[in-house]
Every structure is written in C-alpha cells, then in structure tokens.
Amino acid sequence: MTVRNVSRRAVLLGLGGLVLVPVVTCWPEPPPSDGPTFGWTADGAPSGHMFGVFLRVATDGSITVRLPSTEMGQGIVTSLPMLVAEELGIAWKQVRVEPAPTHAAYRRWTPIGAMQVTGSSLSIRSFFEPMRQAGAAARTLLIQAAADRWGVPTAACTVASGIVHHAESSRSLPIGELVEAAAELPVPDDVPLKPPSEFRLVGTDPRRLDTEAKCTGAAVFGIDVHRPGMRYASLRQAPFGGAVAAVDDAAARAASGVLDVLVFEDFVAVVAESTWQALRGVELLDITWDAGDDSTLDDAAIRERIVAALDEPGRTHHVHGDALDALADAETVVEAAYFVPYLDQAGMEPLCCTAEVRDDRVELWAPTQTQTETQKYAARASGRSKDDVHVHTTFVGGGFGRRVEWDFTTQAVRVAMQVDGPVQLVWSRPEVFGHGFYRPAVGGRLRAAIDEQGYPRALSVRVAGTNLARHYLPRLLQGVPPAEKVMVEGFDTYPYRTEHRHIAFRHVGLPVPTGFMRSAGFGHNAFFRECFLDELAHRADLDPVDYRLAMLAESPRSHRLLARVAELASWDAPAGRFLGVALQESYDSIVAMIASVRLQGRAIVVDDVYATVDCGIAIHPDNVRYQVEGGIAFGLCSTLHTQINIANKRVVQTNFHQYPLVRMSQMPRVHIELLSSDSPPGGVGEIGVSPVAPAVANALFAATGERLRELPLRPGLA
Amino acid sequence: MVQTIQFTLNGQTRTVRLDPETPLLWVLRDALGLRGTKFGCGAGHCGACTVRLDGAAVRSCVLPVGAVQGKSVQSIEGVEHPITRVWTEDEVPQCGYCQSGQIMAALALIEANPAPSDADIDAAMQNLCRCGTYNRIRRAIRRTATLVEPSDPEPQGAP
C-alpha cells in the first residue's frame with residue numbers, strides 16, 4: 001500500500017499536501033495550542049516560536065513537538081519527536097511533546113480519505129518525511145540566524161546538542177538565543193534531509209517520553225480528566241438495531257448523588273455527582289427495550305449465513321493468471337475451510353469522554369484515535385460548526401482500533417447538551433463488551449491446484465463476513481471495491497510463487513457492528529493462508545519451512561526472514577519441541593514467526609515464540625521489538641481463549657471472566673530479531689499479531705496431528 | 001446512608017463521610033482526587049484498581065470503603081521505593097493503564113517475599129495487561145528484588 005508523501009512546502013504551510021501553493025516568505029499562523037494534557041510536559045503557557053505546525057522552539061532551547069498521532073502504547077510519542085530532534089540537531093533531554101489540536105494541518109492520507117486519525121500502523125509512514133522536514137527547516141533557519149549574526153557562510157555552521165557552531169572561528173550560540181531572529185527569516189526554499197546513514201538518534205533507544213509518568217500514576221488518560229464543576233455520567237444502550245421503548249427511572253432518581261436521567265432513542269444515561277453513583281444509577285433503571293429485527297440471532301445463525309456466503313462468488317479483488325480455469329482442469333485439488341469468531345478489542349480503559357457544551361464552544365477531552373471524526377460528529381450532534389468544536393487528545397488505555405469510533409464521544413456531547421458545565425461519560429465494562437465494533441466473524445475457503453511436487457500452482461480464496469470498513473464510508477461508496485480491500489488484505493501481499501491466484505470477498509450483512517481491531521484483515525487472512533500452506537506442505541510430506549522457502553525465491557526479504565527465524569528457533573533440531581511457522585507481510589513490514597507449543601491435558605502451552613522482523617528503518621529498535629512482543633501477547637488471546645458469542649442478538653460476554661486475556665503465567669518467552677533493510681520504514685504497531693494464530697495452530701498440528709481450522713483453538717474437541 | 005470512615009492513606013490520616021458501600025477505588029479517584037488507581041472492569045477481574053491494604057494487594061473496585069476503617073492503604077501515589085526507578089529504567093509500560101495496579105501488586109509481592117521465584121511471580125501477578133508487558137514486569141520484579149533483598153537470616157541448623 002503506498003502512502004502519499006506530503007510535499008515539503010505544503011507541510012510548512014500546514015496544508016497537508018492537498019494543493020500546490022506559491023512560495024510565501026513568512027510562517028503561517030499555526031493552529032493555537034490547546035496546552036499540554038499529558039500531565040507531565042513543561043508547565044506554564046507555551047513560549048517561543050512555532051516553526052511550521054509541528055515544532056515550537058523556546059528561548060531556553062527546549063523544543064516542543066506537536067504530536068499528530070494519539071499515543072496508545074505504540075510508542076509514537078517518542079519516535080515521532082525523534083525524527084524532529086534528529087534533523088534539528090538537539091539533545092534528547094531538550095525535547096518536550098504535546099498533543100496536536102484537531103486541525104486540518106495534522107491530517108494524514110488513509111485508505112478512506114485524509115483524516116487526523118491514528119490507526120493502520122500509519123504514524124511513522126505518514127510523518128517520517130514531514131517530521132524530518134520540520135526539524136530540518138528549523139535547523140536551516142537557526143543556522144541562518146547565527147550565520148547572519150556572525151557574518152559567516154551558513155555552510156560553515158553546524159548544530160549539535162542544541163548549539164550552533166562555527167568551527168573556524170570557534171564561535172557558538174545556543175539555539176534559544178537564535179529563536180527570535182530565526183522566526184523572522186523567510187521560509188527556506190530547499191531543505192536537505194540527512195541521509196539515513198548519518199542518523200545519530202534514529203536507530204537508538206532513548207528513554208521514552210511517557211515512561212516515567214506511566215510508572216508513577218501521573219499520566220492522564222481519558223478517564224482521569226477532571227474539569228472544575230464536572231459531573232459524571234454512565235449509560236445503558238439499546239440492543240443492536242433496537243431502541244429504548246420505556247424507562248422507569250424512579251429508583252435511579254431516588255439514589256444518592258443522582259442528578260438526572262436522560263432518555264435518548266438509543267441509550268439512557270444517568271448524570272450524578274460521582275462515577276460510582278452514575279454507574280450504580282444506570283443499574284437501577286428499569287428499561288424496556290425494543291429489540292428490533294432479527295432478535296433471535298445467535299452464533300449458529302451467523303455461522304450459517306457466513307458459510308452460505310462462501311458458496312457465492314462475491315466480488316473479485318485480485319486476479320493473477322487464471323486460477324479458476326487452472327483449478328477446473330487440475331488433477332489434484334485440495335480444499336479447506338476456516339472460521340474465526342467476533343472479537344472485542346478489550347483495551348483496559350473503558351470507553352469514556354469528557355465534554356462541555358457552552359454558548360461559544362464545544363470542548364471534548366477524549367482518549368480518541370480519531371480527532372477528525374470525533375470533531376465532525378460532535379459538531380453535528382451539537383448543531384455547531386466544526387471550528388467551534390475543540391478536541392483534546394489524552395493518553396489512551398489501549399486503542400486497538402476501538403477508539404477509532406465516535407459513538408462514545410458523540411454520546412458525551414449529547415449528554416453534555418443537557419447538563420450545565422462539563423460532564424464525563426464513563427461506560428461500564430459490560431457496556432464495552434456488549435456494544436462494540438467487533439473484529440467480524442469471518443469464514444475462508446481456500447482451494448489449491450497442486451503440481452507434481454506438491455506446490456500450489458493455482459490458488460482460489462473466498463472470504464466472507466461483514467465488511468468491517470463499511471460504516472466508515474458514506475452509503476454512496478459502500479458497494480465500491482476499494483472499501484472491501486481490508487477484508488482480503490494478507491492475500492494481496494502474497495510473496496510465494498503461485499502462478500494463478502483469485503481472491504474474492506462476499507460481504508454478509510449482519511446487525512452486529514464491526515470495525516477495526518489490531519491487525520484488521522491480516523488477522524483472519526494470515527490464519528487462513530498460513531494454515532492452508534502448512535496443510536499443503538504436510539500433504540506433500542515436505543518440511544513447512546523448506547516448502548515456503550522454495551516458493552520465496554522471488555521474495556528475498558521474506559526468504560531471508562524465514563531462513564533466519566528457522567535458525568533462531570533451531571527448527572532443524574526441535575529436540576522434542578513442537579514447532580509451527582507462519583510468515584506475513586502487513587503494513588509494509590514483514591514478520592516471520594515460529595511458535596513452540598505443548599499440550600497440558602487439553603490446554604495449549606506456548607513456551608517460546610521466535611520472530612524475525614523487517615520494518616525497514618527502525619526508528620526506536622527497542623520499541624519495535626516491544627511492539628512485536630505485545631502483538632504476540634495480543635494475538636495469543638484470540639488464538640487460545642477469547643471470542644465474542646451472540647445469543648438473542650446480544651453479546652454473551654459481560655466482563656473479563658468470560659473473555660480471558662492471556663496472563664503472566666501464560667506468556668511465552670519471546671525472541672525477536674530485527675533484520676534491517678534499506679526499505680523506508682514500515683508500520684510496527686500491529687505486525688506481531690497476525691502470524692501468531694497460524695504459527696500456534698501449525699505447531700499444534702506438529703504436536704498432535706490434529707488440524708484445527710477455527711479459533712480459538714480447542715484441541716481434542718473436533 | 002453515610003458513615004465517617006478514618007483510615008491512613010499513603011502515610012496520612014484521611015477522613016471521609018460517605019456511603020460505606022462505596023468502593024475504595026471511587027473514594028480514591030473521585031472523593032480524594034487521586035487518579036493513579038484505575039477503573040478497568042468494576043468486578044475484580046482485571047486488577048487495574050489494585051492498591052495495598054495493610055500491605056496486602058487488594059482490588060479496590062470491589063472493596064467497600066467501610067472495610068478500611070482504621071487500616072492503612074497505599075496507592076500508587078504513595079510509592080517511594082526503588083521499584084519505580086526499575087520500572088522506568090526497564091521501560092515496562094506501553095499504554096500504561098494497567099501499570100499502577102501492576103506496580104502495587106508487585107510491591108506487595110516483593111515486601112512479603114523478597115526473593116520471589118517465577119512460580120511466586122506467576123501466582124501473585126494475576127493483573128491483566130492487554131498490551132502484553134508481562135515479560136518486562138517479571139524482569140522488573142526480579143531486578144527490584146535484587147535491590148531490596150534483606151540481610152541474610154540466621155543460618156539454619158546452627159547449634
């Protein structure tokens with residue numbers, strides 16, 4: 001997937017590369033700062049000068065980087081400022097950061113339009129150039145200011161650790177003393193960036209900027225926002241496709257601390273003096289729901305519809321050669337069908353948002369991944385213009401795609417419209433499990449024509465389920481093929497030599513809402529693809545790693561990674577261990593993974609996971625390895641334990657006792673190696689997730705000879 | 001119905017007057033403005049709300065404040081211990097939301113058991129982490145334990 005690079009000049013002008021503009025000679029007015037919300041950045045009002053929209057340089061020499069992405073544990077609060085600091089030439093300890101306000105200047109290109117949103121592991125790919133350009137432009141101006149003062153050529157000046165030097169005359173000035181003069185200079189026309197070979201900060205592991213606050217309890221998450229006079233609210237929502245029919249609120253209103261009960265068509269909220277009183281208040285409501293259509297929908301019916309959809313041709317998304325013909329003519333055809341259930345993102349912070357609706361402005365403080373949509377729908381709900389809606393982004397206690405939605409933020413605004421002053425809406429955990437935008441349940445049917453050596457000459461893939469991207473698009477675009485691409489991703493980046501390929505997707509309309517979960521379409525397609533390849537390898541009585549390597553001759557990066565992970569895991573000398581392999585390119589990075597498992601009764605124990613990673617340039621290598629490790633833990637939950645079940649069109653799971661995440665005692669030892677390449681940086685936050693399920697399923701087959709084609713894996717129950 | 005409850009919080013005497021059924025979690029966060037202790041599930045499943053009560057790790061979302069009458073509570077804000085430096089140096093957090101609870105549970109373990117084995121750590125550390133920081137938590141606990149090991153007890157079997 002190509003990411004359109006934002007042009008340098010347009011970045012400096014804060015227009016996000018959307019239009020060509022003439023050269024101007026002064027800095028444009030940047031969007032006003034909303035001030036630090038993180039609770040640990042520099043105190044006091046911001047001082048110094050903005051150099052473009054990403055960077056402020058203060059007279060004390062510190063810099064503040066405006067973070068255009070939401071920090072939710074993936075580490076961009078550190079890696080994006082590193083890019084600025086690298087080009088600007090300052091010491092890491094001089095770096096501060098603040099969240100960017102919601103503004104068009106901070107949008108990035110996504111497959112569904114230009115948005116200020118954090119997802120699809122896009123942050124580094126979107127801002128690798130713009131952040132470096134911001135730092136380089138400021139460096140150029142600071143050098144110019146020094147050169148002007150000293151009467152020397154700019155080419156004779158350098159910046160290091162925040163000091164401009166003129167070596168020849170042994171003069172130097174800290175950048176803080178040059179800021180005022182630099183801010184008056186015309187915007188530079190041509191700003192050279194360092195070649196990656198000269199990076200001195202990028203590629204190292206400076207202390208992450210949010211670590212200390214997260215170790216002392218000082219970090220401010222969405223739920224920690226407190227505004228003077230703030231009230232608290234909680235809610236209960238109507239079933240999918242249903243509505244509130246009747247409410248008896250007598251008991252709720254009589255409860256201590258309850259201030260109001262607000263009835264909407266889609267939810268009922270209690271406003272109270274404290275979170276506890278609001279949470280308890282909603283439990284005291286006696287609500288009659290209108291269940292809407294299809295009210296007896298359950299897992300069996302959902303599966304039936306998805307499996308039936310696999311018989312329908314659907315829409316073709318990728319064609320190489322003529323797979324359907326090749327399959328029709330083939331002597332040997334192997335077929336297998338797979339299925340994965342709904343999943344909840346299950347971030348540890350429940351959904352919440354603080355909102356205040358005043359005459360002059362609407363203000364939100366939200367742990368949100370999507371500033372653009374939050375602002376848009378808040379404006380709509382409150383009848384204001386978007387310019388009057390200010391969205392402040394906090395830290396996020398686990399995003400994983402759930403906080404790309406705007407349901408909880410719009411609800412907070414709707415409640416705030418009926419409350420004097422600010423109100424913080426907090427969902428209970430049962431509401432979070434019961435009203436999600438789930439990773440959809442998906443079925444896959446793969447058919448391969450096998451050649452005489454046992455390799456797939458032709459591959460046909462059918463994927464069926466609810467298109468998770470559907471609700472992001474206006475109705476007009478919902479039938480358009482690019483909107484479905486997310487459901488077949490993982491088959492488009494296909495590294496193996498298979499001459500004929502045909503990939504199709506059939507959308508299944510169901511009332512259960514679906515959306516992005518960490519690894520999105522790769523999550524189900526890696527499982528289908530890498531398990532099927534393993535089945536073909538075993539059918540041909542060939543080693544699964546050798547089988548894949550033989551098909552990767554034209555994919556050197558994948559070949560190298562797979563060969564190396566096999567070494568790392570001592571694949572050729574298992575010595576009593578049971579190993580399984582998987583390979584997946586996702587978000588412009590590649591991961592090869594091997595899992596080592598055993599059975600304890602019916603429980604699968606994953607002892608070790610080995611992974612080799614090629615993410616191009618690694619900005620903060622320790623963070624890259626940690627993200628892959630975290631992705632392994634994340635993927636392991638749905639591989640071994642978790643699913644969302646539906647009965648009577650409602651989610652069965654209400655809390656973590658029914659959605660058991662992997663615990664410390666179940667966490668495998670992890671061995672991760674980064675193999676660097678010359679490629680531009682790829683995504684990192686999600687790449688560790690999708691190879692886990694197939695690696696473990698394939699290892700389980702090695703252990704027991706039982707081929708499981710559904711998640712979570714349930715050995716011995718087939 | 002309200003009750004006066006007096007307890008020690010982070011070394012200081014605190015007095016609150018409210019419904020004794022109010023979970024300690026919400027007393028800390030909303031009544032006392034200490035928001036380092038987190039709400040994750042409200043039912044004692046996840047451990048994000050872990051604090052220490054007379055030294056032991058407890059889940060404050062299911063602990064009525066009436067039960068801490070006359071007792072000593074420690075929250076993340078009251079931690080002055082090498083564990084914080086180790087946790088920071090080892091860069092344990094990712095999103096960070098569960099980390100207060102993790103640190104409190106870890107501190108309770110280390111102070112009760114200065115040389116915890118892997119099995120001890122597995123048993124004591126049941127807090128959930130969706131980001132998967134478990135291996136670094138384990139390493140940080142072991143490293144902290146080496147920094148605060150008490151002097152050797154009397155040799156066993158001495159005559």
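To find a chain, count down the sequence lines: A is the first, B the second, and so on, and within it residues start at 1.
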Best-contacting candidate, [options], against chain A by heavy atom pairs under 4.5 angstrom:
options                            : value
D19(B), I103(B), T22(B)            : T22(B)
R138(B), M125(B), Q126(B), R136(B) : R136(B)
C95(B), G132(B), C46(B)            : C95(B)

Requested in this report: Ignoring hydrogens and angles, state whether a donor on the side chain of R17(B) or T4(B) is under 3.5 Å from an acceptor on the partner side chain.
Outcome: yes
Query raised in the report: Looking at side-chain heavy atoms only, is the closest gap between F39(B) and R429(A) below 4.5 Å?
Result: no
Report task. Hey, can you tell me if F395(A) and F221(A) have their rings parallel, tilted or perpendicular (30° and 60° cut-offs)? Result -> tilted
Query raised in the report: Would R143(B) and D90(B) pass as an ion pair if we require N to O under 4.0 Å?
Result: yes
Query - Under-4.0 Å salt bridge between D118(B) and R142(B) - result: yes
Query raised in the report: At their closest point, which heavy atom of C61(B) faces which heavy atom of A43(B), and how far apart are they?
Result: SG-N, 3.6 Å
Can you tell me which portion of [X] sits under 4.5 Å from chain B's heavy atoms? Options are side chain, backbone, both or neither.
X       : value
L279(A) : side chain
F634(A) : both
T275(A) : both

Query raised in the report: Do F433(A) and F656(A) have ring centroids that are under 6.0 Å from one another?
Result: yes
Report task. Under 4.5 Å heavy-atom distance to chain A, tell me which part of E89(B) shows up: side chain, backbone, both or neither. Result -> both
Report task. Name the region of R29(B), side chain, backbone, both or neither, that has any atom closer than 4.5 Å to a heavy atom of chain A. Result -> side chain
Query raised in the report: In terms of heavy-atom pairs under 4.5 Å, which option from G398(A), A346(A), G257(A), A633(A) contacts chain B the most?
Result: A346(A)
